[in-house]
Asker: 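Encoded as structure tokens, here's the structure I'll be asking about.
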Amino acid sequence: MTADRSTQKNRILALIFTTAVVALGLYLFNRFFGDRLEPGHPHANVFKIPALVLWALFAYFGVRVVNAAIFDFAFRLRRGYEAPSLVRNIFTLIAFTVLFVLIFKSLYSDVQLGTIFTTSAIFGVIIGLALQDTLGNFFAGISLHADRPFQVGDVIVVGQQKHTGVIESITWRAIKIRTFQNHIVLVSNSNAAREAIEVSPRDNLNARLVFFGTLYTDSPAKTIHVVREAVRDADNVSEKITPIVRIRNLGDFSIEWEIKYWLDDYAKYNDTDALVRQRVWYALRRSGLTFAFPTRTLHLERKAITRPVTAEEQIADRLSAVDVFAPLSTEELRQLATATVGHVFAPGETLIRAGDEGSSMFVVHNGRVAVQVADKNGPRTVAVLSEGNFFGEMALFTGEPRTANVVALEETEVLEIGHAAMKHLFETNPSLAESISWTIAERQADLAAGSVQASQASIQESAGVLASIKRFFGLR
Ligand code: CMP
């Protein structure tokens, strides 16, 4: 049994005990002084006062016992949760008032209670002024209960001071909130009824936003993946909805991110926010991603140092793995690497659009792209190209418009090679034009037939392609 339930049980036992003691007092009083209450007895009215007090006490404790029996046992048993305290208070008030009037009437049958209430103007004014706020709270409490906009256990933000906490109780006078600093805030019902209240219901999947920033040099696709995986594992982050990681702003010093996640228990959002931030820190650290801090980037104009030597070597390495560039010498590869320009594309971005003009080709440095042509059933993928494959050569070498769309399947980095760089290579490597013409003829055949088998037929066509490359580049 929880501590809560045992104190409730003790309270009820104490109530029953007190009721029994008062009943005994009443019995003894009647036994010894009953005859003095008889009409006609000279001190009857004086003896009626303790009798009235004893009866009133008996009525009060009796009502409390019945209240506990109905709401603590019967209500909880039927509905499974505790009855709202406002309902209990109203019940106690009405039952006690009715009993008190009955007791009063039976002891003082000659006094007209109704007339006292209706004719006493002073009484009315006093009640009106004294109970102005109390009655306001009382009726506001009733309307809040009728609306049921929130319940015990919900997290709310209320008032101009934005009091935030978990609702502990709703009484006929006020809403009691326990803040996250473990303070109690009482918001009167009439204030609550006037103010805008933000409610995060206990049985609802409520979301939170947590922010962070990364350097512009860090890959967004990688950041999304790393952070989402780190956050979804954290305690109290709901498994029902996958956290969302998205760019909220491209700020002065950083890419600004927001994480949206849903909580199992919203009342613990401070701890969970902190845990999420901690997870993000470790995940970024493990993956080599960097939190942003105010930085200033100086771009030096000298061309030679715009690309670090190591990056150039990497590019030369990548180009040496491209089959058509196999005949090139190390020096030629280095020169070609210097002439390339790197571009990064996000997953789903289009690198080349069919029908456009094109004066450069591309080598896939990292990632994958799909070559797609429009079909009557929508886009059809004719090839998927990965690291070391090239594309865009058809328009570059023949001068024709682009033959297909090329779309990034994941974050993809490509190296762009322009017309001038290729012309220089053709002049020193005549065999290059020939091997490229083979690839072009094969790809043209694929496009025409929609199948790879057609590539045999392309052997004859490559001669035609070679001739047009030579013509286009002014080669002999
Ligand atoms: P280009 O026509 O300049 O632009 C679209 C590119 O898609 C094209 O050059 C080729 O590089 C590429 N492409 C077209 N068809 C194929 C194919 N069947 N296999 C691989 N790549 C292709």
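When a residue number appears, it is its place in the shown sequence, counting from 1. Atom set for the values below is all heavy atoms of this structure, side chains included, hydrogens, waters and symmetry mates excluded. Just so you know, ligand 1 is whichever comes first in the structure, and atom 1 is the first atom listed for that ligand. Please read all numbers here as calculations on a predicted model, not as lab measurements.
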Asker: Which heavy atom of the protein is the closest neighbour of atom 4 (O) of ligand 1, given with residue, atom name and distance?
Answerer: R402 CD, 3.4 Å
Asker: Measuring only between side-chain heavy atoms, which start at C-beta, is L275 closer than 4.5 Å to N236?
Answerer: no
Asker: Nearest protein heavy-atom contact for atom 17 (C) of ligand 1: which residue, which atom, what distance?
Answerer: R443 CG, 3.7 Å
Asker: With I70, which residues qualify under side chain to side chain contact (heavy atoms under 4.5 Å, CB included), at least two apart?
Answerer: V66, F91
Asker: Report the part of I352 in contact with ligand 1, treating N, CA, C, O as backbone and CB onward as side chain, heavy atoms under 4.0 Å; options are side chain, backbone, both, neither.
Answerer: side chain
Asker: Are F397 and F426 close enough that their ring centres sit under 6.0 Å apart?
Answerer: yes
Asker: Taking 4.0 angstrom as the limit and counting only heavy atoms of E393, give me the atoms of ligand 1 inside it, by number and element.
Answerer: 9 (O), 10 (C), 11 (O)
Asker: Please say whether A395 places an N or O atom under 3.5 Å from an N or O atom belonging to ligand 1.
Answerer: yes
Asker: With heavy-atom distances below 4.0 Å as the criterion, list the atoms of ligand 1 near D446.
Answerer: 18 (N)
Asker: Which class fits the ring pair F362 and F391: parallel under 30°, tilted 30 to 60°, perpendicular over 60°?
Answerer: parallel
Asker: In terms of atom number and element, which parts of ligand 1 are under 4.0 angstrom from non-hydrogen atoms of A404?
Answerer: 5 (C)
Asker: Among all protein heavy atoms in this structure, tell me which lies nearest to atom 8 (C) of ligand 1, with the distance rounded to 0.1 Å.
Answerer: T403 OG1, 3.6 Å
Asker: Which of the atoms in ligand 1, numbered in the order shown and given with their element, are less than 4.0 Å from a heavy-atom of L447?
Answerer: 14 (C), 15 (N)
Asker: Out of all atoms in ligand 1, which are within 4.0 Å of some heavy atom of A383? Include the element for each.
Answerer: 19 (N), 20 (C)
Asker: Filter on side-chain hydrogen bond (donor to acceptor under 3.5 Å, both in side chains), then keep only pairs touching residues 348-361, sequence neighbours left out; what's left?
Answerer: S360-E416
Asker: What atoms in ligand 1 come closer than 4.0 Å to a heavy atom of F391?
Answerer: 11 (O)
Asker: Considering only heavy atoms from C-beta outward, does the side chain of P220 approach that of E411 to under 4.5 Å?
Answerer: yes
Asker: Among all protein non-hydrogen atoms, which one is nearest to atom 13 (N) of ligand 1, and what is the separation to 0.1 Å?
Answerer: V371 CG1, 3.5 Å
Asker: Between G392 and ligand 1, is there a nitrogen or oxygen pair with a distance under 3.5 Å?
Answerer: yes
Asker: What orientation do Y269 and F180 show, parallel under 30°, tilted 30 to 60°, or perpendicular over 60°?
Answerer: perpendicular
Asker: Does the side chain of L396 come within less than 4.5 Å of I417's, by heavy atoms?
Answerer: no
Asker: Any donor-acceptor pair under 3.5 Å linking the side-chain atoms of T439 with those of E393?
Answerer: no
